[in-house]
Amino acid sequence: MNVDRKVQTLDEFTIQQMRDFPHATGELASLLRDIGLAAKRVNVEVNKAGLVDILGDAGTINVQGEDVKKLDIYANNQFVGVLKHGISCAGIASEELDDYFAFDDPVSNQSKYVCLFDPLDGSGNIDTNVSIGTIFSVYRRITEKGKPVNLSDFLQPGKEQIAAGYIVYGSSTMLVYATRRGVNGFTLDPSIGEFTMSHPNIKCPEFGKIYSVNHGNFFQYQEGVKGYITACQKKDATNGGPYTQRYIGSMVADVHRSLIKGGIFMYPGTIEKPKGKLRLLYECNPFAFIMEVAGGRATNGKDRILDVMPEKLHQRSPFFVGSTGMMAELESFL
Ligand code: AHM
Ligand code: MG
């Protein structure tokens, strides 16, 4: 019988990838399925955000002192819930929670992975119907199985990631994830409620013509960053300037565009906040991993992001990520 079906769902793809490794246990495939499920639930709420009383500030402040939106809490609960009930995740850390959460039950204590995530990034954009996203990162636990995971399982350098990905809730909803073997993108097909392969083997172009940075902070940036931004606006920029400036203010959407079309995304430190705004573990590491697998680069302005040894869960870092050509151009100014 000749069954030649071209579309592949996320689950089919992860299972097929697993079959290439005779010793694989299927735990990663199951973890990604859990993440896909939580993403679909969050997507439903994001799509009706304007309709129900889920929109707007929840009236609490998160651990970084920022307003928490209701959807942030909903998204956080969905991801914690599916991962806790699944079989592959021993514990999580979330941008919305003060501390990591070891699931500490007989099944989870045997699980291989821990997961870190920003459940709803760019949530300041919810009220105005602008794309927002979820970012996640998966590490193999380093503590021995049989016991609850501890802080050391979460404080691993980004280069130890087993997988990382994001979901962008935009004009369509997409899940993109990377393992060392490649970066693949899946678009949610609402007719069957499945993420379906749409962007196989994503490679970031060596050059792009878009730079993405918060221009309002320009005078707060260090001289090198200002120099590069100014160079982007000139005709003689390496790739034929002036480049276009685009900044959605939802990192998931801004980096997604840079990944697909080529470009550079920057969130530099400022005079007031020398470490910038973005969190190393929940935001920088996953995107650095995805971008490197796709052929791009990511640094904190000095060092490769993936080499940084984290000291605490919520630490921040300046972040520069994108096409290799543009990263080299930037570095010539720093
Ligand atoms: P959040 O996690 O509180 O949503 O903040 C992260 C977001 C990123 O998605 C985005 O790139 C950045 O904040 C925008 O910040 P700013 O408005 O300072 O440029
Ligand atoms: Mg965030």
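Hydrogens, waters and symmetry mates are skipped; everything else that's a heavy atom, side chains included, is used. Atoms within each ligand, like the ligands themselves, are counted from 1 in listed order.
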One thing to verify: whether Glu45 and Lys40 come together as a salt bridge, which I'm taking to mean a side-chain N less than 4.0 angstrom from a carboxylate O. no

Does ligand 1 have an atom under 4.0 Å from some heavy atom of Gly249? yes

Which segment of Phe319 sits under 4.0 Å of ligand 1 when only heavy atoms are counted: neither

Should we say atom CG of Asp303 is surrounded by more than 12 heavy atoms from elsewhere, each under 6.0 Å from it? yes

Near Tyr247 (heavy-atom distance under 4.0 Å), the atoms of ligand 1 are 11 (O), 12 (C), 14 (C), 15 (O), 16 (P), 19 (O)

So which bit of Asp254 gets within less than 4.0 Å of ligand 1, heavy atoms only: side chain, backbone, both or neither? neither

Heavy-atom contacts under 4.0 Å between Asp121 and ligand 1: side chain, backbone, both, or neither? both

Whichever hydrophobic residues join Ile15 through chains of side-chain contacts under 4.5 Å: none

At the 4.0 Å heavy-atom cut-off, does Tyr282 count as touching ligand 1? no

Relative to each other, are the rings of Phe117 and Phe79 parallel, tilted or perpendicular (30° and 60° limits)? tilted

If you consider just the N/O/S atoms, which atom of Asp118 is the closest one to the Mg ion (ligand 2)? OD2

Judged by heavy atoms only, the candidate from Glu283, Met266, Met251 nearest atom 8 (C) of ligand 1 is Met251

Judged by modelled atom types alone, do Ser94 and Asn76 share a side-chain donor-acceptor pair under 3.5 Å? yes

Can you find an N or O of Glu95 that's nearer than 3.5 Å to an N or O of ligand 1? yes

Please check if the distance between the ring centroids of Tyr166 and His256 is under 6.0 Å. yes

Run the salt bridge (Lys or Arg N to Asp or Glu O under 4.0 Å) test against Arg257 and tell me which residues pass, sequence neighbours left out. Asp254

